[in-house]
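Proteins come first, then strands; the chains are lettered A, B, ... in the order of their sequence lines, and each starts at number 1. Fair warning: this is a prediction, and the values are worked out from it, not measured in the lab.
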Amino acid sequence: MTKKVLLLDGNSLAYRAFFALPLLANEQGIHTNAVYGFTMMLQRILDEEQPTHMLVAFDAGKTTFRHETFSEYKGGRQKTPPELSEQFPYLRKLIEAYQIKSYELPNYEADDIIGTLSREAEEAGDEVIIISGDKDLTQLASGSTVVYITKKGITDIEKYTVDHIQEKYGLTPQQIIDMKGLMGDASDNIPGVPGVGEKTAVKLLAKHGTVEGVYRDIEQLKGKLKEKLEQNEELALVSKQLATIERQAPIEVKVEDLTYSGPDMDQLQRIWQELSFKSLLEKLDAPEQQQEQQKELTFQVVEEVVPEMLSGAMAVQLEMAGEQYHTEPVLGLALADANSVYVIPPDVMQASDILKTWLEDGANKKYLADSKAASAAFHRSGIDLEGAEFDLMLGAYIVNPSLTYTDVANIVREYGYTDVSTNEQVYGKGAKKAVPFDELLHEHIARKAKAVWEVRAIVESRLQDNEQFGLYHDLELPLAVILGQMESLGVRVDRRQLEEMGQELTAKLKDIEAGIHEAAGEAFNINSPKQLGVILFEKLGLPAIKKTKTGYSTAADVLEKLEGKHPIISQILLYRQLGKLLSTYIEGLLKEIHEDGKIHTRFQQALTQTGRLSSINPNLQNIPVRLEEGRKIRKAFVPSEPGWVMVAADYSQIELRVLAHISGDEGLVEAFRTGQDIHTATAMDVFHVPADEVTANMRRVAKAVNFGIVYGISEYGLSEGLKISRKEAGEFIDRYLASFPGVQRYMEESVKQAKKDGFVTTLMNRRRYLPDINSSNFNMRSFAERTAMNTPIQGSAADIIKKAMIDMADALEQEGMKTRMLLQVHDELIFEAPPEELEKLKILVPKMMESAVPLNVPLKVDFAHGDTWYDTK
DNA sequence: CTGTTCACG
DNA sequence: ACGTACGTGAACAGC
């Protein structure tokens, strides 16, 4: 029988896991992230691969035979952080519990052990999988050996087969060694040839095969490259030698000794407990045991609500089986305080005036898991909830927006409370999802209410500690009420209008489709990038510009570059554009119109990492506007009262104004204070010309640079945005930062703050944690750095419009106006209004929005109205 | 259930 | 050298 042999690079994987995950710790304060990451990876591999033989190889000691060749090998490496060193004993114990063999050999590295064993296994005709975080190991790939290299994260894996290496580098596995020889490896301090990087190395090897081949043919080369190669021949050969994995190490283990037959479950459970791997333990002993672990809870299912049950402050859990709280049936209501828990079935709830009165009295404080969902659902039953004093989801979101807030059980677990089951445990998932029998359901609702009651104080104290209580209590909490009202009110949509547009579009699409099929010479699915790729790049022979993971890219920017090369391209672009309108906006929106003729979106208030809202079922924050054909969709969004008008008010350049404020950059502040066109002003400074000499192109460039600045600029990003070279993009950035030194300072400070504190903040002290900011992985770190620059800007803008919404809602009520706020689209607010209020609104709306938060530059709001949303321009 | 594409700010 | 602009949601194809 052939064996399936798994060889793991213990040190490399532990390092990867350590840097990929935030610093977790168990109850004794021992850090566990590396062991945890290793475990997750291991579990996944065991599930997927089901090996018959396994070994974890470790490096032994500091020096190896390679140091005899090159004493600086792996020199300049940072010392292993103590937070990681302390985890190695646990890692060993864990491997022991899995009953996996481990091995190390003085003077050799883990690579060499793996190299030697994989050779033996191959010779015996066995299948081998090598797992490491180090790409060096890919040199071991062969017909029967695949090398898995962890990608960002730890459970994500890239599989290096011979073919994959060929495709990715155009090299054989053996040539990986030659590549390392030429380009070196900074992390192992292998020098390589100075000035030769991956690109050059690959080019050379494609032509000359090996390092030796390059030097054999050295006379064919010329210029700088030849010079560099000649000067460093010795270095190249030594580097190659260093990069070569020893496949004949004097190891004492044999492949036959590595049999794997599963973990010792008792031992595994013990070590997981020691490390506090709760989620893994749960998986281990299924839901039954989890139920048993919960503390007993007494609750009373009531047939009638009596005043004695109701106190001045209670947790209120209104249970629905799904997320769509605008339509989802109510399954029951639970009330909890320190002394008692009551569960009220839906019919009892509906019938009780006592309960309705209590819920509508703001003097009674309610603590809820999701106040917006509850009040929207109560609203359907004719109950106007008042006095929502605590919202678990919002509180937890403000403490840390990076977690997902969909389930009470998962939220309260973050705060150490475990006496409640997850929705999945109670309702099941996928096809098996169902409402359970009453006893189970009632207990679940009761436990949720109790959990909210118990956890409230902890969440609030965390908010206080972080100086975020104000943000939570005075911004997000009142906003939830307003959003709930906006959602319940809904937006009126003209069904007929959409249907007519749909018919036109359908006819047009049919014509275009026929034209495309004719041009292609066959019928195919234009919506399938795979089929389309074959037609364009194989059948029609157009040049493939970009590739995706799965094949040719056919994205719009690629197709645009091909326009003019073949008439089919512009037809495809048009087909895509109109197809999107039909399926997403015509058919999609029609499906979302409720019986009242309105669309009731849901604003997610605890989702984005920056503090913005998002809109779902449907998304009303991405209704087309940039292209006229799409913009017409907005004609279907109409006032819900006859004769009323739609009103739109949007902030002009809010993000750049926020940047001016928080950076304090004098030039930027001055430009806004004097009311200049900001892109023109930027162009003047960047190109050193007076206003009347700024050309349209200069302004276009300045605008793109401004965009880039807000996003956390990178040369590459700007070069893509402007379709110019990276070098030119870099020059624009340098000139911008020289012109606006305050902005440069802000960028540096943001990154510095993130590195020091682990998070960045907005104007109102919203936080975003950036665990990757000190990552050793360039990509992850760069991403985190751009995020550190962007989040305070985008997030502060979100803070401002949220405050404006609260002020605006207050003002409308104060003034006793009929106007209704309907939608928020990040920097604009949409209303419907009776015409007689228009004159007043023209003053009031900009005033409230502009004064929401005082900045050191003015905020500016543009106001428009019309018969439909389309006409508010 | 994931990847690609495309709509918005 | 690395391979990206920041933040979202929905439809569709193809496993």
Side-chain angles (χ1 to χ4, degrees), chain A residues 135 152 183-186 192 195-202 401 430 525-533 546-559 573 576-577 579-585 587-589 591-592 601-604 607-627 630-631 633-634 650-651 653-655 704-705 707-722 726 729 733 768 776-795 797-798 801 823-828:
Chain A
K135 283 191 186 153
K152 70 174 174 186
M183 67 183 270
D185 182 342
V196 174
E198 185 179 307
K199 294 263 162 68
T200 316
V202 167
N525 184 347
I526 306 166
N527 284 322
S528 161
K530 197 176 163 190
Q531 294 180 32
L532 182 60
K546 209 164 62 176
K547 279 185 115 185
T548 66
K549 263 184 243 170
T550 49
Y552 309 109
S553 170
T554 65
D557 60 330
V558 172
L559 297 188
L573 286 167
R576 283 250 179 92
Q577 190 200 331
K580 178 89 179 174
L581 291 180
L582 184 62
S583 70
T584 305
Y585 295 103
E587 291 168 354
L589 286 177
K591 272 185 244 160
E592 298 285 351
T601 185
R602 277 152 49 225
F603 289 107
Q604 304 225 91
L607 183 136
T608 72
Q609 301 305 299
T610 54
R612 278 188 174 182
L613 301 175
S614 91
S615 158
I616 55 169
N617 293 128
N619 181 356
L620 293 186
Q621 291 181 320
N622 72 344
I623 302 301
V625 67
R626 292 174 192 168
L627 299 172
R631 190 175 202 149
I633 300 283
R634 295 181 173 220
D650 68 290
Y651 281 110
Q653 303 294 352
I654 188 168
E655 290 186 332
V705 175
F707 256 93
I709 291 292
V710 168
Y711 290 156
I713 199 142
S714 73
E715 279 177 21
Y716 180 86
L718 184 65
S719 73
E720 286 288 300
L722 277 176
R726 278 178 57 165
I733 294 168
R768 179 173 186 178
S776 55
N777 178 314
F778 175 88
N779 281 327
M780 289 171 70
R781 190 176 62 247
S782 303
F783 189 26
E785 286 170 359
R786 291 198 296 275
T787 312
M789 302 183 239
N790 166 269
T791 296
I793 301 173
Q794 192 183 113
I801 193 165
L823 297 173
Q824 186 250 45
V825 192
H826 310 308
D827 66 354
E828 64 176 322

Distance below 4.0 Å between R612(A) side-chain N/O and dC8(B) OP1 or OP2: no

Sugar-phosphate, base or nothing in reach of L607(A), heavy atoms under 4.0 Å: sugar-phosphate

dG7(C) OP1/OP2 closer than 4.0 Å to side-chain N/O of T791(A): no

Short side-chain donor-acceptor distance under 3.5 Å, R768(A) and T791(A): yes

Any N/O donor-acceptor pair, R726(A) side-chain to dG3(C) base, under 3.5 Å: yes

Integer-rounded Å distance: dA7(B) P and Q577(A) CD: 7 Å

Same-atom distance (P) from dT4(B) to dG3(C), integer angstrom: 16 Å

Integer-rounded Å distance: dA13(C) P and K580(A) NZ: 13 Å

Side-chain donor/acceptor contact of Q794(A) with base of dC6(C) under 3.5 Å: yes

5' priority, DNA chain C, between S714(A) and K530(A) [closest heavy atom]: S714(A)

S614(A) vs dG9(C): side-chain N/O to OP1/OP2 distance below 4.0 Å: yes

Sugar-phosphate only, base, or nothing, as touched by V710(A) at under 4.0 Å among non-hydrogen atoms: nothing

Sugar-phosphate only, base, or nothing, as touched by A556(A) at under 4.0 Å among non-hydrogen atoms: sugar-phosphate

dA11(C) pairs with, by Watson-Crick or G-U criteria that keep both distances under 3.5 Å: dT4(B)

Pairwise distance CG(N525(A)) to CD(Q531(A)) - rounded to 0.5 angstrom: 5.0 Å

Touch class at under 4.0 angstrom, heavy-atom based, for R576(A) against every strand present: sugar-phosphate

Sugar-phosphate only, base, or nothing, as touched by T554(A) at under 4.0 Å among non-hydrogen atoms: sugar-phosphate

Pair R786(A)-E715(A), salt bridge (Lys or Arg N to Asp or Glu O under 4.0 Å): steps then yes or no: CA-CA 12 Å; R786(A) 291 198 296 275; E715(A) 279 177 21; over 6 Å; no

Stacking of Y711(A) on dC6(C) base (centres under 5.5 Å, planes under 30°): yes

Closest listed nucleotide, where the reference is the side chain of D827(A) and the choices are dC6(C), dC12(C), dG9(B): dG9(B)

Gap between atoms CG and P, on N619(A) and dA7(B) respectively (whole Å): 13 Å

Atom pair distance, as rounded to whole Å: OH in Y585(A) and P in dG9(C): 13 Å

Sugar-phosphate, base or nothing in reach of S719(A), heavy atoms under 4.0 Å: nothing

Sugar-phosphate only, base, or nothing, as touched by Q604(A) at under 4.0 Å among non-hydrogen atoms: sugar-phosphate

Sugar-phosphate only, base, or nothing, as touched by I623(A) at under 4.0 Å among non-hydrogen atoms: sugar-phosphate

Rounded distance [0.5 Å steps], OG in S553(A) versus NZ in K547(A): 11.5 Å

Touch class at under 4.0 angstrom, heavy-atom based, for S615(A) against every strand present: sugar-phosphate

Sugar-phosphate, base or nothing in reach of G708(A), heavy atoms under 4.0 Å: base

Side-chain donor/acceptor of R602(A) to base of dG9(C), under 3.5 Å: no

Of the listed nucleotides dG9(C), dA1(C), dG9(B), the one nearest the side chain of H826(A): dG9(B)

Closest listed nucleotide, where the reference is the side chain of T787(A) and the choices are dG7(C), dG9(C), dC2(C): dG7(C)

Separation between the C1' atoms of dC6(B) and dA1(C), rounded to whole Å: 31 Å

V625(A) side chain, from C-beta outward: closest of dG9(B), dA7(B), dC6(C): dG9(B)

Interatomic distance at C1', dA5(C) relative to dT2(B), whole Å: 23 Å

Distance, nearest 0.5 Å, that separates CD of E828(A) from CD of Q621(A): 9.5 Å

Stacking of F783(A) on dT4(C) base (centres under 5.5 Å, planes under 30°): no

Nucleotide dT4(C), atom P - distance to CD1 of I709(A) in whole Å: 21 Å

Atom pair CD1/CG of I713(A) and N790(A) - distance to nearest 0.5 Å: 12.0 Å

Sugar-phosphate, base or nothing in reach of N622(A), heavy atoms under 4.0 Å: base

dG3(B) versus dT4(C) - spacing of their P atoms, nearest Å: 13 Å

Electrostatic pair K580(A)-E587(A), nearest N-O below 4.0 angstrom: no

Sugar-phosphate only, base, or nothing, as touched by A704(A) at under 4.0 Å among non-hydrogen atoms: base

Test item: F603(A) and T601(A) side chains (from C-beta on) under 4.5 Å apart, heavy atoms: yes

Residue whose closest nucleotide on DNA chain C lies nearer the 5' end, Q609(A) versus L589(A): Q609(A)

Rounded distance in Å - NZ (K546(A)) to P (dA5(C)): 8 Å

Between dA7(B) (C1') and N527(A) (CG): distance, integer Å: 15 Å

Atom-to-atom span, CG of N525(A) to P of dT4(B) - whole angstrom: 17 Å

